[in-house]
Amino acid sequence: MAKYILGEGGEEKVEYIDTTVETRETLVQNGTVDCVIATYSITPERLEVIDFAGPYYLSGTAVQVRTEDAESISGPEDLTGKKVVTQANSTGIQAAEEFIPDYDASLVQTLPDNESCVAALKQGRADAYVLDQGVLRSATPPRTPRSPSWASLSSTTPTA
């Protein structure tokens, strides 16, 4: 992305700082970084504090489950009473509240990053991972018998 924005060789002139869904907004607001290059859903709340250069991609929220659970969990209606994981400070929290019937906040765990959420799903500490469709697709390795499966959870939302 830096190459696209800055042109050939531009990515070498950038200082890269790791961030998470939980910290990226604060890093922009306090001036630690000039911009965040990542999936970042544009919401009315975020528009109040962050300027976006997009949208450049339209996506929706999705649910990812272990392959062995794909027949019993195919959408949000199947998540009632299930343990759900999502990234802290992400749109996955709002999606879970909105789309899971009889939503129970005590069954939703927030973790700091994608790797932690995928690990929780694979290890059986969560039954489903709810987040932006683009992130879940990129987190899914080529199909193997134990690859997580995913399904769309909500309508399309702009991503910057």
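When all heavy atoms of Pro101 and Pro76 are compared, the closest pair comes out as CD-O, 3.3 Å. Residues Asp18 and Leu27 share a closest heavy-atom pair of O-CD1, 4.5 Å. Considering every non-hydrogen atom in both Leu111 and Ala120, the closest pair reads CD1-CB, 3.9 Å. Here the closest non-hydrogen pair linking Ala128 and Val65 is CB-CG1, 3.9 Å. Between Thr20 and Asp113, the shortest heavy-atom contact is CG2-CB, 4.5 Å. For Val130 against Thr86, the heavy-atom pair with the smallest separation is O-OG1, 2.5 Å.
Residue Asp34 holds its CG atom at 8.5 Å from CD1 of Ile17, rounded to the nearest 0.5 Å. In this structure, CD1 in Ile73 is found 11.5 Å from CD in Gln64, a value given to the nearest 0.5 Å. Summarising the geometry, atom CD belonging to Gln87 is positioned 9.5 Å from atom CG belonging to Asp132; distances are rounded to the nearest 0.5 Å. Of the inter-residue distances, the one linking Glu98 atom CD with Thr61 atom OG1 reads 8.5 Å to the nearest 0.5 angstrom. The CZ atom of Arg24 sits 7.0 Å away from the CG atom of Asn89 when rounded to the nearest 0.5 Å. Taking CG from Asp51 and SG from Cys35, the interatomic distance works out to 12.0 Å, rounded to the nearest 0.5 Å.
Taking a 6.0 Å sphere around CD of Glu71, one finds it holds 12 or fewer heavy atoms contributed by other residues, nucleotides or ligands.
A heavy-atom distance below 4.5 Å is found between the side chains of Glu25 and Ile50. Looking at Tyr129 and Asn114, their side chains come closer than 4.5 Å, going by heavy atoms from C-beta outward. The side-chain heavy atoms of Leu79 and Phe99, taken from C-beta on, include no pair separated by under 4.5 Å. Leu47 has its side chain within reach of Ile42: a pair of non-hydrogen atoms, C-beta onward, lies under 4.5 Å apart.
Under the 4.5 Å side-chain heavy-atom criterion for Ile, Leu, Val, Met, Phe, Trp and Tyr, Ile93 and Leu131 are members of distinct hydrophobic clusters. In the hydrophobic clustering of ILVMFWY residues, with side-chain heavy atoms under 4.5 Å counting as a link, Val85 and Leu107 come out apart.
Within the 3.5 Å criterion, the main-chain N or O of Lys122 finds no donor-acceptor partner in the side chain of Arg66. For Thr80 (side chain) and Asp102 (main-chain N/O), no donor-acceptor pair under 3.5 Å exists by modelled atom type.
Donor-acceptor pairing under 3.5 Å is lacking for the side chains of Thr26 and Asn30. At a cut-off of 3.5 Å, with distance as the only test, no side-chain donor of Ser72 or Asp69 sits close to an acceptor on the other residue.
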